[in-house]
Amino acid sequence: MYGIIATWRMALEGITEAEEMLKKGSDAKDSIEKAIQMVEDFEFYKSVGYGGLPNEEMEVELDAAFMDGDSLSIGCVGAIKDYANPVSIARMLSEEPVNNFLVGAGAEKYAHRHGFERKNMLTERAKIHYHNRVKETTDNKELKPYSGHDTVGMVCLDQEGHMTSATSTSGLFMKHAGRVGDSPISGSGFYVDSKVGGASATGLGEDVMKGCVSYEIVRLMKEGMHPQEACDKAVRDFDQELKERRGKAGDMSLIAMNNKGEWGVTTNIEGFSFAVATEKEKPTVYLVKFDENGKQYFEVASQEWMDNYMKTRTAPLVRK
Ligand code: ASP
């Protein structure tokens with residue numbers, strides 16, 4: 001059995017390619033790295049890699065992680081600037097004996113030393129988004145550093161039973177310089193153990209981190225829960241916990257897959273989408289919906305939805 005699951009529709013092209021690789025016997029490390037790179041490279045996805053939205057100083061600072069579920073090795077970068085594929089730097093860091101998590105200038109030096117491609121990650125389009133947001137603020141509209149969430153996070157299982165998890169994000173639009181979210185934090189943005197399965201998150205990093213939600217899902221799967229049951233329990237319980245203690249809970253959307261290729265997804269927001277492919281299921285985008293009783297269900301994205309998605313992502317942007 002093999003499979004790959006990822007947060008958001010934007011992962012579709014990447015997981016489609018990864019599925020082809022997995023089918024031919026490629027390992028979980030190469031397949032997930034390729035899948036994430038494809039999201040990082042596509043400039044119209046404005047929350048990951050090239051074209052990612054900048055911080056409040058108009059700089060694109062990226063976070064990424066890579067975890068090998070066999071050895072439990074982890075590599076991460078935080079607030080790295082000007083490198084094309086943070087996930088690949090994270091993967092290389094996961095192979096180091098120590099110094100596995102590097103941030104800012106240190107991460108950039110490491111990437112430079114190892115010959116990673118330097119690239120200005122700030123696109124003209126991202127600049128327009130930035131200027132428009134600044135304009136909205138001066139117009140005295142409410143400016144929140146956070147609106148919507150869009151990290152790509154994946155879990156992958158290859159035919160040999162090896163598992164990996166990886167994430168990549170530009171974090172919150174208009175974040176402070178140096179802010180790092182949950183995405184490169186082990187147990188929060190991602191976790192994987194090939195003996196069990198893996199999970200990954202997108203949402204308000206500051207809240208996801210409070211509950212180590214990815215680790216919690218893996219822990220519940222280890223106790224015997226199906227990935228769906230584990231996602232439901234971890235996300236619903238923690239959402240409730242935050243609301244009780246703090247009066248509100250940030251966005252949290254989690255995906256998981258176990259080492260049998262079974263998967264689960266739970267979110268506390270409207271409008272979450274995810275992409276999955278397994279030996280039994282061709283690459284598919286699902287939309288998460290809620291019925292009138294608030295019960296979550298999945299709907300395969302229609303062709304119309306898919307077309308509209310690409311159209312809005314690539315539509316010309318006007319500077320206000
Ligand atoms: N989790 C990310 C962060 O807090 C944001 C996101 O998922 O878009 O950095």
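Keep in mind that what you see is a predicted model, and the values were worked out from it rather than measured. Side-chain atoms are counted along with the backbone in the values below, which use heavy atoms only and exclude waters and symmetry mates. Start at 1 and go down the list; that is how both ligands and their atoms are numbered.
Every atom of ligand 1 is numbered from 1 in the order shown, and the set under 4.0 Å from a heavy atom of Thr151 is 1 (N), 2 (C), 5 (C), 6 (C), 7 (O), 8 (O). Under a 4.0 Å criterion applied to the non-hydrogen atoms of Gly171, ligand 1 contributes the atoms 9 (O).
Comparing Gly78, Ser170, Gly203 by heavy-atom distance to atom 5 (C) of ligand 1, the nearest is Gly203. Between the choices Val208, Asp150, Ile185, Leu172, the shortest heavy-atom distance to atom 8 (O) of ligand 1 belongs to Asp150.
Atom CD of Glu304 is surrounded by 12 or fewer heavy atoms from other residues, nucleotides or ligands within 6.0 Å.
At least one heavy atom of Ser183 sits closer than 4.0 Å to an atom of ligand 1.
Taking any N or O of Arg179, backbone or side chain, at least one lies under 3.5 Å from an N or O belonging to ligand 1. At a 3.5 angstrom cut-off on N or O pairs, Asp182 counts as close to ligand 1. Residue Gly205 has at least one nitrogen or oxygen atom sitting less than 3.5 Å from a nitrogen or oxygen atom of ligand 1, judged on distance alone.
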(message) Between Asp63 and Thr169, is the side-chain hydrogen bond (donor to acceptor under 3.5 Å, both in side chains) condition met? List the steps.
(response) CA-CA 5 Å; Asp63 302 335; Thr169 187; over 6 Å; no
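Comment: Lys34 does not engage Asp41 in a salt bridge, judged by the lack of any side-chain N to carboxylate O separation of less than 4.0 angstrom. Contact check on Lys81 versus Glu59 returns a salt bridge, with a Lys/Arg side-chain nitrogen under 4.0 Å from an Asp/Glu carboxylate oxygen. Using a cutoff of 4.0 Å between basic side-chain nitrogens and carboxylate oxygens, Arg219 and Glu223 are scored as salt-bridged. Here Lys29 does not pair with Glu33 in a salt bridge; the nearest charged N to carboxylate O distance is not below 4.0 Å. With respect to Asp207 and Lys210, a salt bridge is recorded, a charged nitrogen being found less than 4.0 Å from a carboxylate O.
Heavy atoms of Ala201 found under 4.0 angstrom from ligand 1: none, in either backbone or side chain.
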